[in-house]
Structure formats: structure tokens, C-alpha cells
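Data first, discussion second: the structure below is written as C-alpha cells.
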Amino acid sequence: MPAEDAPAGPAPRGPTPLEKNRALEEWLRWQLGQVQGRIRELEAQEAEERRRRQQAYAGLHWKIQPQRSNATALLHRGDCGTYPVQGGFIGEKDALVALSMPEVEPCPICRPETGLTQG
């Protein structure tokens, strides 16, 4: 019997439902990884923006370092790194009052008095 008369074998078949679902699962896992990566990027961007806003706010305010046993209290700019306490900021009027008190001195590093205006 010639070769062309022989049966060609089983016809090529498409993927089975199980193969299709496994491929779909793999693709969905990849998609989930992409979404999770984007969420991490957006969270990092939001955290950086929050940090920038807090830093800008601190730069426009002042803070008082409490009096220590052998030194006077110090007035700092809100963003002074020598007294890195977050929160407890005071406004310009309160900073002016604090500087007028004999037990409060301006920080020699950040020089908070240069940002204060009388009036």
C-alpha cells in the first residue's frame, strides 16, 4: 500500500479545556504581579508626596526643645535636624513670644529668628 493511502493518524487537536484554563491561570498570575507592582509604585509615590508636604509644613513652623538640666530651652525651625522631633509645631506669633522669654534661646544651627518677622 502506498504511503499516500495510509491513514494520516489522528487529526491535530486544539488545547484541551484543562490546558486552556492553566494558560489562563498563568496569564492572570502575571497580570496580578503587574498590578501589585503598580500598586507598590503608587504607594511609594504617595508616601514621598506625604513626606514632602510634611517637610514643607515643618519648614514654615517652629518647635521648642525643652529646657535641659544645664541649658536653656531652644527654639528651632520646624525642619531643624538638630532637634528632629515630629509634631508639636508652633506658629510665628508663638515663636516670637518664645524668643522674648529669657529661658528660651534660638538654635545656633538653624537660626530660627531669621525667619521671624516682627509685626
Open item on the list: Taking the basic N atoms (NZ, or NE/NH1/NH2) and the acidic carboxylate oxygens, is any pair closer than 4.0 Å for R22 and E26?
Closed with: no
Under the 3.5 angstrom rule, does the side chain of R77 hit a backbone N or O of W62 as a donor-acceptor pair?
-> no
Value for CD (Q45) from CZ (R50), rounded to nearest 0.5 Å, stands at 12.0 Å
d(L96 CG, E92 CD) to nearest 0.5 Å is 5.5 Å
CG of N21 to OG1 of T16, rounded to nearest 0.5 Å, is 8.5 Å
Give a yes or no answer on whether the side chain of K63 reaches the backbone of F89 with a donor-acceptor pair at less than 3.5 Å.
no
- Message: Between E113 and R111 (salt bridge meaning N to carboxylate O under 4.0 Å), is one present in this structure?
- Response: yes
Close side-chain approach of L75 to C107, heavy-atom, < 4.5 Å:
no
- Query: Is there a side-chain contact between E41 and R38 (heavy atoms, below 4.5 Å)?
  - Reply: yes
Q.
Between L99 and L116, is there a side-chain heavy-atom distance shorter than 4.5 Å?
A. yes
Handout entry: Distance-only side-chain donor-acceptor flag, Q55 / R51, under 3.5 Å
Key = yes
Value for OG1 (T72) from CD (E105), rounded to nearest 0.5 Å, stands at 3.5 Å
Practice task
Determine the interplanar angle of the Y83 and H76 rings, folded into 0 to 90°, and report it as parallel if under 30°, tilted if 30 to 60°, perpendicular if over 60°.
Solution key: parallel
Distance col, row L18:CG vs E25:CD, nearest 0.5 angstrom, shows 10.0 Å
Margin query: Within the 4.5 Å heavy-atom criterion, are I64 and I90 side-chain neighbours or not?
Written below: yes
How far apart are the C-alpha atoms of I39 and E43, what are their side-chain angles, what is the distance that settles it, and do they pass the side chain to side chain contact (heavy atoms under 4.5 Å, CB included) test?
CA-CA 6 Å; I39 288 171; E43 287 173 340; 3.7 Å; yes
